[in-house]
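Treat the numbers as computed from the prediction; the structure is a model and nothing was measured.
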Amino acid sequence: MVVQVSSDAHEPAARSPPSSPRVVARDLPYELLHTIFRLASTYTSSSSTSTSRAPHGGAVRSWHSHEPAAPFSLVCRRWRSPAQAVLFSSVALVGHKRAQAFVDALERSERVRQLAKKETTYVVLALDAADEQLPMSSPTPAPSRQSATSELLVAALEACSSAAHVHVRTLHQAVRKRLLAALMDLQRPLVTLVLGPTHVAARRWSEALWDVRDGWDVRPEVENLEHTGLLASGLALPPTRMGQSVRDFPQLALRRLKLCHDWPIEILATALKNSPQLEFLDLYFEQYKPAQAMVDALEVSGKNLREVRYVCASPVPLEHDRRAEDELTFSSGTSADNPTSHGPDSGDSSSAGSPPSSHSPRPRRSSSPDPSSSSTSTRARRPAPLFNLLLPHLPSLRILHCTSTELTPSALLALPPSLQSLSVKSLNSFSRFSPRALLAVLRDPHLALPNEFARLTVTDSPDEWGDEAIDEARLRCEEVGVRFEFRMDFEEEDVYESE
C-alpha cells in the first residue's frame, strides 16, 4: 500500500530533498494510520447500498470485521501496531477452525493476549453453518463437536474482556454457565448483546442456552438488545417463576430492542415499562398480545421511540374466532351506504362509503346487527387496534411498520406530528386496513397529515385491492404530498430504515 501525500505547501525556502511517499507513509501518526487501516479493511461491495447492514451483529447494531487489515501489519515495523489494533478490534469467530486458531494464538503469545484484552470491541461467536443445523448431539458424556467448539468460543470471549458489542449465535447449552459469567463480568463495558438466531434443527442441544430473561438480566445497562429465535413458540413459565421474574425486574438502559417469538406478556410489558430511553423497537409474535397491556407498557416509556416494527402473525384471539365474521362487519348497523355512523373503519375491516372496484375485496358477511341489542353490539366488536390507541403516546415516532390487524385507516386522522413513514402489512384474512376504509379516510376533507409524513406503504394481496383502488389511493396521496406504495404480499421487504 502506497499513500500519495502532497508536499508542496508550508515548505521552508531551503531544505534537504523532500522525503519519498514511502517514507511519509511510514512516518504517519499512529491515529491516522489506524483510521486508514480501519477504512481500508472495512468490507464493501459494489452491489451494496446505503441501506445495507454490515454483516455482523443484528438490527439493533451491526458491524464489520477487519481481517483485511492483517497484511498491513507486515509492511513495516511502524505499521504493525496500528494494523494489529484494527485487526483485533472486531473479531468474528465462526466455526471450529477459527476458534481453535484464536485460542492457540492466545496461549502462545502475550502480545495476542494484550491485543484481545485491550483492543477487541466487537465479537461474533458462532459454529460452522453445518454444525448449527445438525439436529443431533452426542447423547454420551463425551463432548460433541458443537460442545467442543462452543467451549473454544467462550474461552475466546473471556479473553476479549473489553468487548462491548457481542453477538452470540447457536452454541451448545453445556456452556451456558460459563458464557453467562463472561457476559456478566462487570469489568466488561457491554453495550450491545445480540442473541441468536438459533437454527430450528439445533433445538435439541441448544434450547437451554438461554432463558427468557437472560437478555436483560445479564446486564441491565445494555443499550442494544436483540433476542431472536431462541425460544419455543408459545413458551409459558411456571407461575412462581413468572412472579419472581416480574417482581425484581430492573431498570433498563435499552435504546434499541428487538425480540422475536412469544414472550410472556407479563415479562414483556414489565421490560417495556422499565425502558424509558427506548428509541427503536422491533417485536415479532405468533400469539396475540392484549392491546391494552402493550399500551400501558409504552404510553410512558414510548416518548422517545423513533422507529417501531410490530409484527403479529396471529389473527384475533381464540375466544373471538367463532365471532370473526360478525366482528368484521359494522358493529352497529352501519352499511356501505352509511359509513359515517361510527367512523370509516369502526369495528370493521372493510367499511367505507365507496363502490367496490372491479377487483373487490373478499366478501364479508353484512349482518347489520340490531343497535338496540347490547349483547349483539358486544359480540360484534373486536379489541381496539393497538396503534389506534398507542399512536397518541408516541410523539417522537418517525417510522412505523405494523401488521394490518393492529391499525385501521382512521389512525391517519391523528398521526404523530413527527411521523414520516407508515408501512402496513397484511398477513391473514383479519386485516383492518382495507382499501374501502383507506379510501374513505383519504376522501375526508378534514384529513390533515403531518408535514413530515412522506410515505404510505401497504403490503397485501392484489386480489384484495384491485387496480382501481390502488390507483385512487396513489392519486389521493399524491394530492397531499404523500407517496403511496402498494407491494404484493410476496415481495421482499426493505431493510431497516434507521440504525
Side-chain angles (χ1 to χ4, degrees), residues 49-53 59 258 280-285 305-313 344-345 349-350 352 354 357 359 361 385-388 390-391 394 396-444 447-499:
T49 66
S50 59
T51 58
S52 297
R53 270 208 315 272
K258 177 177 180 178
F280 170 91
L281 181 62
D282 184 344
L283 302 176
Y284 173 86
F285 304 124
L305 274 172
R306 298 183 179 183
E307 180 172 356
V308 174
R309 300 175 68 88
Y310 190 98
V311 176
C312 181
D345 51 26
S349 68
S350 63
S354 62
S357 68
H359 298 83
L386 170 61
F387 286 100
N388 287 52
L390 186 57
L391 282 176
L394 306 179
S396 302
L397 190 65
R398 297 178 182 176
I399 298 170
L400 173 61
H401 172 101
C402 67
T403 39
S404 58
T405 53
E406 308 300 330
L407 183 78
T408 65
S410 64
L412 294 173
L413 297 169
L415 295 177
S418 57
L419 195 69
Q420 300 173 2
S421 175
L422 171 62
S423 177
V424 183
K425 183 172 184 176
S426 178
L427 296 180
N428 53 57
S429 61
F430 295 94
S431 173
R432 292 172 131 174
F433 207 90
S434 72
R436 289 188 175 187
L438 176 61
L439 292 177
V441 171
L442 293 177
R443 293 167 184 161
D444 190 330
L447 177 64
L449 299 173
N451 292 334
E452 299 297 319
F453 190 64
R455 186 168 69 175
L456 172 61
T457 304
V458 174
T459 303
D460 203 345
S461 167
D463 294 335
E464 293 298 312
W465 282 66
D467 294 339
E468 292 181 18
I470 295 172
D471 291 342
E472 182 178 349
R474 184 177 292 114
L475 178 61
R476 291 190 178 275
C477 283
E478 287 177 356
E479 291 174 351
V480 291
V482 174
R483 178 183 176 185
F484 177 81
E485 297 181 18
F486 182 86
R487 295 179 181 172
M488 300 183 187
D489 48 11
F490 53 81
E491 288 187 53
E492 199 170 310
E493 293 185 27
D494 288 342
V495 297
Y496 294 88
E497 300 181 49
S498 69
E499 295 204 12

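No side-chain heavy atom of Leu400 sits less than 4.5 Å from a side-chain heavy atom of Tyr310. Put simply, the side chain of Leu447 reaches to within 4.5 Å of the side chain of Leu413, judged on heavy atoms. The shortest distance between side-chain heavy atoms of Glu472 and Arg443 falls below 4.5 Å. Contact of the Leu412 side chain with the Asp444 side chain is not registered, since no non-hydrogen atoms from C-beta on lie closer than 4.5 Å. Counting heavy atoms from C-beta on, the side chains of Val458 and Ile470 never come closer than 4.5 Å. Side chains of Leu438 and Trp465 form a contact here, defined as non-hydrogen atoms less than 4.5 Å apart.
Classification of Arg398 and Glu452 as a salt-bridged pair fails, no side-chain N sitting under 4.0 Å from a carboxylate O.
At least one donor-acceptor pair closer than 3.5 Å links the side chain of Ser461 to the backbone N or O of Asp463. Within the 3.5 Å criterion, the main-chain N or O of Ser410 finds no donor-acceptor partner in the side chain of Asn388.
Atom CD of residue Glu485 and atom CZ of residue Arg483 lie 4.0 Å apart, to the nearest 0.5 angstrom. Here the straight-line distance linking atom NZ of Lys258 with atom OH of Tyr284 works out to 11.0 Å at 0.5 Å rounding.
Shown here for Phe433 and Leu456, the closest heavy-atom pair between the two residues is CZ-CD1, 4.5 Å. Nearest approach of Ala313 to Leu427, heavy atoms of both residues: CA-CD1, 3.9 Å. Ser434 and Pro409 make their closest contact through O-CG, 4.3 Å (heavy atoms, listed as atom of the first residue, atom of the second, distance).
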*Passes side-chain contact (heavy atoms from CB on, under 4.5 Å), Cys312 versus Glu406? Steps please.*
CA-CA 8 Å; Cys312 181; Glu406 308 300 330; 3.8 Å; yes
